[in-house]
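Below is one structure; the comments refer to it alone.
We're numbering straight along the sequence, starting at 1.
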Amino acid sequence: MASRIIEGYKLYKDNSVSVDYYEDDHIIFKVMNKKKTDFYIVSMVYGYWNCDCADYQYRNKSDEGSFYCKHLQAAQYKLLEILDEKNNSKG
């Protein structure tokens, strides 16, 4: 798990995460792979997270809702950035 957190942070710091759609309870992120040749879709709807990568899909089947892949981790770092910016703009 720790390696996925670190890899997710690297993806976030490498500006590999973009927001495709944003509402408070529904967010869709695009997370580029390391080679910047393709992307994965990470979504958060009403607090439930999902990623379309094979790692998340395979592992999540064995224990639904408990697995976080590096793409999902990267999206969560991006969400923290967004929330921090919103809080700072309120003054």
Contacts of type side-chain hydrogen bond (donor to acceptor under 3.5 Å, both in side chains), residue Lys13, not counting sequence neighbours: none
Contacts of type side-chain hydrogen bond (donor to acceptor under 3.5 Å, both in side chains), residue Asp52, not counting sequence neighbours: none
Starting at [atom1] of [X], measure out to [atom2] of [Y] and round the result to the nearest 0.5 Å.
X	Y	atom1	atom2	answer
Asn87	Ile82	CG	CD1	12.0 Å
Gln76	Tyr68	CD	OH	5.0 Å
Ile41	Ser43	CD1	OG	8.5 Å
Leu11	Leu72	CG	CG	12.0 Å
Trp49	Cys69	CH2	SG	10.5 Å

Salt bridge (Lys or Arg N to Asp or Glu O under 4.0 Å) contacts touching [range] (sequence neighbours left out):
range	value
residues 15-26	Asp20-Lys30, Asp24-Lys86
residues 35-46	Asp14-Lys36
residues 70-80	Lys78-Glu81

Are [X] and [Y] in one and the same hydrophobic cluster, where Ile, Leu, Val, Met, Phe, Trp and Tyr link if side-chain heavy atoms are under 4.5 Å apart?
X	Y	answer
Ile28	Val19	no
Val45	Tyr56	no
Tyr9	Ile5	yes
Val42	Met44	yes

Under the rule for ring-ring contact (aromatic ring centres under 6.0 Å, His included), what residues qualify as partners of [X], not counting sequence neighbours?
X	value
Phe39	none
Tyr21	His26
Tyr40	His71
Tyr22	none

Keeping Asn33 on the side-chain end and Thr37 on the backbone end, is there a donor-acceptor pair under 3.5 Å? yes
Do other residues, nucleotides or ligands put more than 12 heavy atoms under 6.0 Å from Tyr77 OH? yes
Carboxylate-amine/guanidinium contact Arg4 Glu7, below 4.0 Å: no
Contact summary for Leu79 and Phe29, nearest pair of heavy atoms: CB-CZ, 4.1 Å
